[in-house]
Amino acid sequence: MSVVTRFAPSPTGYLHIGGLRTALFSWLTARHNDGKFLLRIEDTDLSRNSEAALEAIIKAFDWVGLNYDGDVVYQSKRFDLYKQYIDQLLEEGKAYKCYMTKEELDALREEQMAKKERPRYDGRYRDFTGIPPEGVDPVIRIKAPQEGTISFVDGVKGEINIAATEVDDFIIARADGTPTYNFVVAIDDALMGLTDVIRGDDHLYNTPKQIVVYHALGFKIPKFYHVAMINNEQGKKLSKRDGATDVMEYKAQGFLPEALLNFLVRLGWSHGDQEIFSLEEMIALFDPKDINKSASSYNLDKLLWLNAHYIKNTPNEKLAELLKEFGVDIAEHDKLEMLLDATKERGKTLVELAEQIKLILNAPTEYDPKAAKKAFKGNAKEILTDFIAMLQTWEKPLHLPSDYHEVLEAIVAEKEIGFGKIGQPLRVSLLGSMTGSGLDEIMAIIGVDETIERIERAVATIA
RNA sequence: GACCCUUUCAUCUAGUGGCCAAGGAUGCUACGUUUUCAUCGUAGUCACAGAGGUUCAAAUCCUCUAGGGGUCGCCA
């Protein structure tokens, strides 16, 4: 049987990285088995839907490159279908109308809480045959088993047993007739042919409810995998205050989708000691049975490390393309290769990489005071002036970094100084700071004229 | 409060009774490479939640305790 998995977000906000991870796990399971990965939008609560949220989710999917099969399924467009099943259950006596008002329910809950019981519906209309109270639009409740245990084998957690008394006759249709979550999820998962349901373990308690629906409707129960949550760096539940939780925020911060995906796949899943996984490797190696039971904490340092790794291994042309969004357009620059080779090992994010590039491309407008003080002292002015002269009278061509290196070697030899004596003031002259890319590369990129100009400007500031 | 899940370095994790005085990775600290920073390389740092059992042998099996998380909606 071919594997079918799905991701089923409700369009109430952006795509969360926790959601992306379960989506990734589902997607990998489908791709690994040459199966299908479906996308379904859980929008049964008409009042909470948002078009913008839906777009944001699709956009995020697009950015990370998770493709889904077939058309997106919208639950809001399937109400007729759900209605048929509600009627069927009503007819078969597997569901019933409940005339309890919200106020009555609240009172019941409070009473149960006071008695330190788990609040749940008491089944008072389960076998009701009398005359319904007037003025109350009934909800439809499904008959859950009243004794025994509801059991299932979770692919991650193992066997789960929930006492039937813990599962009440939950509502499958609201007073206005619209169906509710646990009911439609079970129907859609069954109808869409899901074989493996991979979701967050906050759904663990929904599973017995959905199993009640599966049984009532005679559907085949899929395999469930409940993945533990992602916590923040303090081990607490991830919330908006923990920085980026929106997937697209990572794009804005200069992360590569392959780094994010690699980071996420290793949160709660592993394959021996391997840390770096290309998409192809993930697909080849992923198996949901290897998903960990326990929650994991989000760790920005590791993401940054992975991102740096992927930046280093991304072809320069592609980087140039990506950098356009970060205020650097070097796609047409004739020294593109040299520029990126000189900088790509210095940026953990595209934002940082863009800064490095700007630093080289734009002449410094000011010199870091500390750096200037340290570098522009002693006979620095004289050395720099001589260096300019040397560049101006150099007879060999000056194109490659190695060409400039020869000049550097020449001045070191002639003046009998260490590299630092020319290196430090030269670096501050060119970049305005004490750190950065290799001098040979910088000079080769900006060219001899610009090099001389920057040094002259620096020399002018030295007393 | 009730019910359910969970517990190996600071963090992600390997580990399925002997190969574990617990391995890898990130982080951190050194050192080396580099004119600088970064990269890279080498080394160091750091953990089986606790207590009882079972066994010749336990990180691994059982019990209890403690910590963490989730769920208890006419939300999804």
Side-chain angles (χ1 to χ4, degrees), chain A residues 8-12 42-45 47-48 75 98 100-102 105-106 109 112-120 137-141 154 156-158 160-163 165-168 170-182 184-185 200-208 226 228-229 231 233-237 263 266-276 292-306 308 312 343-348 352 356 371 375 408 412 417-428 431 433-440:
Chain A
S10 74
T12 50
E42 317 250 293
D43 52 358
T44 53
D45 186 353
S47 61
R48 301 205 336 176
Q75 292 186 321
C98 169
M100 217 172 157
T101 62
K102 287 183 187 181
L105 258 177
D106 287 343
R109 268 196 274 270
Q112 288 168 328
M113 287 290 248
K115 281 196 279 184
K116 299 194 190 304
E117 286 172 7
R118 183 178 161 87
R120 59 185 189 277
D137 290 326
V139 299
I140 314 289
R141 289 182 181 272
D154 187 279
V156 174
K157 313 255 187 197
I160 306 286
N161 300 299
I162 312 269
T165 50
E166 293 296 321
V167 180
D168 62 5
F170 60 94
I171 293 171
I172 58 174
R174 304 182 181 94
D176 67 2
T178 56
T180 60
Y181 174 76
N182 281 306
V184 299
V185 165
D201 75 358
D202 48 339
H203 284 289
L204 196 65
Y205 245 85
N206 286 325
T207 307
H226 288 98
M229 305 277 93
N231 295 329
E233 306 199 42
Q234 286 72 245
K236 300 289 180 191
K237 192 180 176 180
F263 172 69
R266 282 287 287 101
L267 235 41
W269 177 83
S270 61
H271 184 261
D273 287 340
Q274 189 168 343
E275 296 288 347
I276 307 287
N292 287 164
K293 291 164 184 256
S294 55
S296 36
S297 293
Y298 173 92
N299 174 223
L300 186 64
D301 282 329
K302 194 143 188 181
L303 209 209
L304 247 13
W305 171 72
L306 281 164
K312 271 180 276 176
T343 50
K344 69 202 280 190
E345 293 192 344
R346 248 165 277 266
K348 286 193 196 305
E352 288 180 13
Q356 289 292 327
L408 236 28
V412 166
I417 51 174
F419 267 103
K421 282 277 180 226
I422 172 71
Q424 287 194 346
L426 180 55
R427 174 175 305 282
V428 177
L431 298 183
S433 91
M434 203 75 116
T435 63
S437 302
L439 293 170
D440 306 338

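For the numbers below, each heavy atom of this structure counts, side chains included, while hydrogens, waters and symmetry mates do not. So you know, we letter chains A, B, ... as the sequences are listed, proteins then strands, and number each from 1. From a predicted model like this one, the values you see are computed outputs, not experimental measurements.
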Write down the distance between [atom1] ([X]) and [atom2] ([N]), rounded to a whole number of angstrom.
X: Glu352(A); N: C37(B); atom1: CD; atom2: C1'; answer: 12 Å
X: Lys302(A); N: A10(B); atom1: NZ; atom2: P; answer: 15 Å
X: His271(A); N: U13(B); atom1: NE2; atom2: P; answer: 16 Å
X: Glu166(A); N: G1(B); atom1: CD; atom2: P; answer: 16 Å
X: Arg118(A); N: C72(B); atom1: CZ; atom2: P; answer: 8 Å
X: Asp273(A); N: C12(B); atom1: CG; atom2: C1'; answer: 12 Å
X: Asn182(A); N: U71(B); atom1: CG; atom2: C1'; answer: 11 Å
X: Gln424(A); N: C37(B); atom1: CD; atom2: C1'; answer: 12 Å

May I ask you to test the [X]-[Y] pair for a side-chain heavy-atom distance under 4.5 Å?
X: Arg109(A); Y: Leu105(A); answer: yes
X: Gln75(A); Y: Tyr181(A); answer: no
X: His203(A); Y: His226(A); answer: yes
X: Gln112(A); Y: Arg118(A); answer: no

For [N] and [M], measure between their [atom1] atoms and round to the nearest Å.
N: C3(B); M: A59(B); atom1: P; result: 32 Å
N: C72(B); M: U11(B); atom1: P; result: 29 Å
N: U71(B); M: G41(B); atom1: P; result: 43 Å
N: U29(B); M: C37(B); atom1: P; result: 14 Å
N: G27(B); M: G50(B); atom1: C1'; result: 28 Å
N: A25(B); M: C40(B); atom1: P; result: 12 Å
N: C12(B); M: A49(B); atom1: P; result: 14 Å
N: G32(B); M: U16(B); atom1: C1'; result: 42 Å

Under 3.5 Å for both donor-acceptor distances, Watson-Crick or wobble: does [N] have a partner, and if so which one?
N: C61(B); answer: G53(B)
N: A66(B); answer: U7(B)
N: C19(B); answer: none
N: U34(B); answer: none
N: A2(B); answer: U71(B)
N: U29(B); answer: A43(B)

So what does [X] hit on the nucleic acid, given a heavy-atom distance under 4.0 Å: a base, only sugar-phosphate, or nothing?
X: Thr435(A); answer: base
X: Gly420(A); answer: sugar-phosphate
X: Leu439(A); answer: base
X: Ser437(A); answer: base
X: Gly200(A); answer: nothing
X: Lys312(A); answer: sugar-phosphate

Shortest side-chain distance from [X], nucleotide among [options]:
X: Thr180(A); options: U26(B), C4(B), A76(B); result: A76(B)
X: Ile162(A); options: U35(B), C4(B), A76(B); result: C4(B)
X: His203(A); options: A76(B), C5(B), G1(B); result: A76(B)
X: Glu345(A); options: A38(B), C74(B), G73(B); result: A38(B)

Phosphate contact ([N] OP1 or OP2) by [X] side-chain N/O below 4.0 Å:
X: Ser297(A); N: C12(B); answer: yes
X: Ser296(A); N: U13(B); answer: yes
X: Lys115(A); N: A2(B); answer: no
X: Ser433(A); N: C37(B); answer: no
X: Asn292(A); N: A14(B); answer: yes
X: Lys293(A); N: U6(B); answer: yes
X: Arg109(A); N: G73(B); answer: yes

Base of [N], side chain of [X] - is there a donor-acceptor contact under 3.5 Å?
X: Tyr205(A); N: C3(B); result: yes
X: Arg346(A); N: U39(B); result: no
X: Glu275(A); N: G24(B); result: yes

Hey, could you give me the CH2/CZ distance between Trp305(A) and Phe263(A), rounded to the nearest 0.5 Å? 12.0 Å
Could you give me the CA-CA distance, side-chain angles and deciding distance for Glu42(A) and Thr44(A), then say whether side-chain contact (heavy atoms from CB on, under 4.5 Å) is met? CA-CA 6 Å; Glu42(A) 317 250 293; Thr44(A) 53; 5.9 Å; no
Check this for me, if you would: do Arg266(A) and Glu275(A) make a salt bridge, where the nitrogen-to-carboxylate-oxygen distance has to be below 4.0 angstrom? yes
Along RNA chain B (nearest heavy atom to each residue), the more 5'-positioned of Asn206(A) and Asn299(A): Asn299(A)
If you assign Ile422(A) and Asp176(A) each to the RNA chain B nucleotide with the nearest heavy atom, which residue ends up on the more 5' nucleotide? Ile422(A)
Test Ser294(A) against Asn292(A) for side chain to side chain donor-acceptor pair (under 3.5 Å), laying out the working first. CA-CA 6 Å; Ser294(A) 55; Asn292(A) 287 164; 5.6 Å; no
Would the number of heavy atoms belonging to other residues, nucleotides or ligands and lying under 6.0 Å from NZ of Lys344(A) be above 12? yes
